[in-house]
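Some notes on the structure that comes next.
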Amino acid sequence: MSRQVAVYVGDSLKRYGFGPGHPLNQQRLGAFWQAMQRSGFDQQVIVCEPVQAEQQIIERFHEHDYVERVKAQSRLGSGFLDYGDTPAFPGIYEAAATVVGCAVDATEKILAGTYQRAFVPIGGLHHARRDTAAGFCVFNDCGVVIETLLKHHQLTRIAYVDIDAHHGDGVFYAFEAEPALYFADVHEDGRYLYPGTGSAAEIGQGIAKGTKLNIPLPPYAKNEDFKQVWNFVENFIVQAEPEFIIFQCGADSLAGDPITHLKYTFEAHAHAAQRLCALADRYCAGKILGLGGGGYNPENLATAWTAVVAAFLG
Ligand code: TV7
Ligand code: ZN
């Protein structure tokens with residue numbers, strides 16, 4: 001079986017960053033691609049040029065007024081889009097729209113069978129809400145992809161799996177009452193880390209009750225702890241029988257990250273990616289979209305994301 005893997009890299013995607021003094025800076029994509037080159041995987045993947053999303057595509061998830069506000073701030077090039085985490089810079093609209101463009105392009109091409117799997121390193125901006133930026137996230141590419149799968153492709157069972165150290169609150173609350181979204185999130189306990197949400201009691205609302213799985217881990221949790229709870233994630237995906245899997249593989253859950261307290265190694269990411277690929281083969285003809293997410297130690301994000309691409313390659 002052909003197992004073609006696309007990876008989105010290029011200068012326009014690199015622009016999504018908030019400068020040298022900020023955890024999410026422009027150096028991250030370069031660190032990932034260097035590791036890809038060192039391991040030779042750069043020769044095995046299909047390299048895709050980043051594309052900027054049209055405004056109407058962003059508005060599949062976001063409110064029009066909010067998108068207009070980002071455009072205005074982008075022209076101004078200063079101030080904040082939230083309460084101190086997400087500063088505006090000139091061209092932030094184009095940069096954020098490019099993250100969405102890559103994620104949606106990858107989704108469409110996976111569905112069309114152009115390739116089976118794709119990885120968007122700067123994607124996975126899971127905190128942005130329909131009407132506001134939050135936690136380094138301007139546009140929620142995960143949310144736009146989910147709306148695309150629901151409204152434009154009529155999928156009825158989508159799995160979203162998030163192993164970033166931070167809870168994927170922007171995705172969770174936007175689809176809390178949506179039964180077609182099976183949401184599983186392993187993260188550092190909200191009592192100790194931003195954004196503070198994602199307790200195990202949050203299982204979905206109304207007819208969507210039971211379609212959401214939140215697993216908070218205590219600070220300093222290691223690979224063993226991750227692998228143990230991973231079994232719950234796997235059983236959850238098995239009963240969901242998804243048609244498409246979205247994997248937010250934030251690398252800020254590795255030991256040595258400057259802003260979180262989890263202590264995994266890249267093996268946690270390798271494990272999750274391998275197991276999800278097996279599930280994707282079983283239920284969705286292999287269709288899986290990887291979104292990089294957080295990760296603020298360049299070595300960590302390079303090894304974790306390279307391990308994910310290696311698993312995607314099989
Ligand atoms: C997906 N932690 C995003 C993770 C978002 C985390 C936070 C910072 C931070 C912001 C900075 C900065 C920082 C060294 C670290 C309660 C606050 C405290 C603003 C200073 N250095 C993802 C968001 C988290 C901004 N936010 O999941 C400018 O760390 O804890 C908070 C909130 C209020 C606002 N202040 C921080 O990984 C991509 N922020 C340096 C410059
Ligand atoms: Zn994070």
Side-chain angles (χ1 to χ4, degrees), residues 12-29 31-32 50 52-53 55 57-104 120-146 162 164-174 185 187-188 190 193-198 248-253 257-260 291-298 301:
S12 59
L13 198 52
K14 217 178 258 176
R15 288 197 195 108
Y16 193 87
F18 302 99
H22 190 284
L24 203 161
N25 55 60
Q26 283 89 341
Q27 264 67 71
R28 299 163 75 245
L29 188 57
F32 163 65
Q52 187 180 324
Q55 183 163 353
I57 292 185
I58 299 166
E59 290 178 8
R60 287 175 184 175
F61 179 81
H62 289 286
E63 288 175 12
H64 174 75
D65 288 359
Y66 169 59
V67 178
E68 288 295 330
R69 192 160 8 113
V70 175
K71 276 179 135 175
Q73 286 261 16
S74 182
R75 281 191 291 265
L76 203 64
S78 60
F80 282 90
L81 289 163
D82 66 352
Y83 298 103
D85 282 322
T86 320
F89 56 85
I92 192 171
Y93 173 80
E94 289 76 13
T98 301
V99 177
V100 174
C102 294
V104 171
V120 181
I122 311 299
L125 303 179
H126 59 179
H127 298 306
R129 305 297 182 103
R130 294 187 189 272
D131 64 346
T132 184
F136 317 162
C137 305
V138 177
F139 295 141
N140 194 323
D141 53 305
C142 323
V144 177
V145 165
I146 293 163
D162 187 327
D164 189 288
H166 301 94
H167 179 234
D169 57 344
V171 178
F172 181 80
Y173 293 110
D185 194 322
H187 52 270
E188 184 173 337
L193 191 72
Y194 178 91
T197 51
Q248 201 276 21
C249 55
D252 50 7
S253 40
D257 190 90
I259 72 167
T260 77
L291 303 171
Y296 307 103
N297 172 320
L301 72 86

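In what follows, every heavy atom counts, from backbone to side chain, and hydrogens, waters and symmetry copies are set aside.
Although no hydrogens or angles enter the test, the distance criterion places no donor-acceptor pair under 3.5 Å between the side chain of Gln52 and the main chain of Ala95. The backbone N or O of Gly17 lies less than 3.5 Å from a partner atom in the side chain of Gln26, making a donor-acceptor pair. Side-chain atoms of Tyr66 come within 3.5 Å of backbone atoms of Ala133 as a donor-acceptor pair (strictly under, hydrogens ignored). Of the possible donor and acceptor atoms, one in the side chain of Thr98 sits under 3.5 Å from a partner among the backbone N and O of Glu94.
In this structure, the side chains of Val120 and Asp141 stay at 4.5 Å or more apart for every pair of heavy atoms. Within the 4.5 Å cutoff, the side chain of Tyr93 has heavy atoms near those of the Val67 side chain. At a threshold of 4.5 Å between non-hydrogen side-chain atoms, the residues Leu125 and Asn140 do not count as touching. Between Leu81 and Ile92, some side-chain heavy-atom pair lies under the 4.5 Å cut-off.
Taking the six-membered ring where the residue is Trp, the centroids of Tyr296 and Phe136 are separated by under 6.0 Å.
Rounding to the nearest 0.5 Å gives a distance of 6.0 Å between NE2 of His64 and CD of Gln55. Rounding to the nearest 0.5 Å gives a distance of 13.5 Å between CZ of Arg60 and CD1 of Ile146. Taking CG of Asp162 as the start and CZ of Phe172 as the end, the distance is 12.0 Å to the nearest 0.5 Å. Note that the CZ atom of Arg129 and the SG atom of Cys137 stand 10.5 Å from one another [nearest 0.5 Å]. Taking CG of Asn297 as the reference point, atom CG of Asp252 lies at 10.5 Å (rounded to 0.5 Å). Rounding to the nearest 0.5 Å gives a distance of 8.0 Å between CG of Asp85 and CD1 of Ile259.
Of all the heavy atoms in Ser78 and Ala88, the pair that sits closest is O-CB, 3.6 Å. Residues Gly124 and Cys142 approach most closely at CA-SG, 3.6 Å, considering heavy atoms. Of all heavy-atom pairs spanning Ala97 and Ile58, the tightest one is CB-CD1, 3.7 Å. Shown here for Val70 and Val138, the closest heavy-atom pair between the two residues is CG1-CG1, 3.8 Å. Closest approach of Ala96 and Phe139 over heavy atoms only: CB-CD1, 3.5 Å. Across all their heavy atoms, Ala53 and Val100 have their closest contact at CB-CG1, 3.8 Å.
Residues passing the ring-ring contact (aromatic ring centres under 6.0 Å, His included) test with Phe18, sequence neighbours excluded: Tyr16, His22, Phe89. Thr197 meets the side chain to side chain contact (heavy atoms under 4.5 Å, CB included) test with His167, Asp169, Tyr173, Pro195, Glu202; sequence neighbours excluded. Scanning for side chain to side chain donor-acceptor pair (under 3.5 Å) contacts around His62 gives an empty result, with sequence neighbours left out. Residues passing the side chain to side chain donor-acceptor pair (under 3.5 Å) test with Arg15: none are found, sequence neighbours excluded. With sequence neighbours left out, Asp164 forms a side chain to side chain donor-acceptor pair (under 3.5 Å) with His166, Gln248. Applying the salt bridge (charged side-chain N to carboxylate O under 4.0 Å, His left out) test to Arg75 and every residue at least two apart in sequence or in another chain returns nothing.
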Apply side chain to side chain contact (heavy atoms under 4.5 Å, CB included) to Asp131 and Asp65, showing your working. CA-CA 8 Å; Asp131 64 346; Asp65 288 359; over 6 Å; no
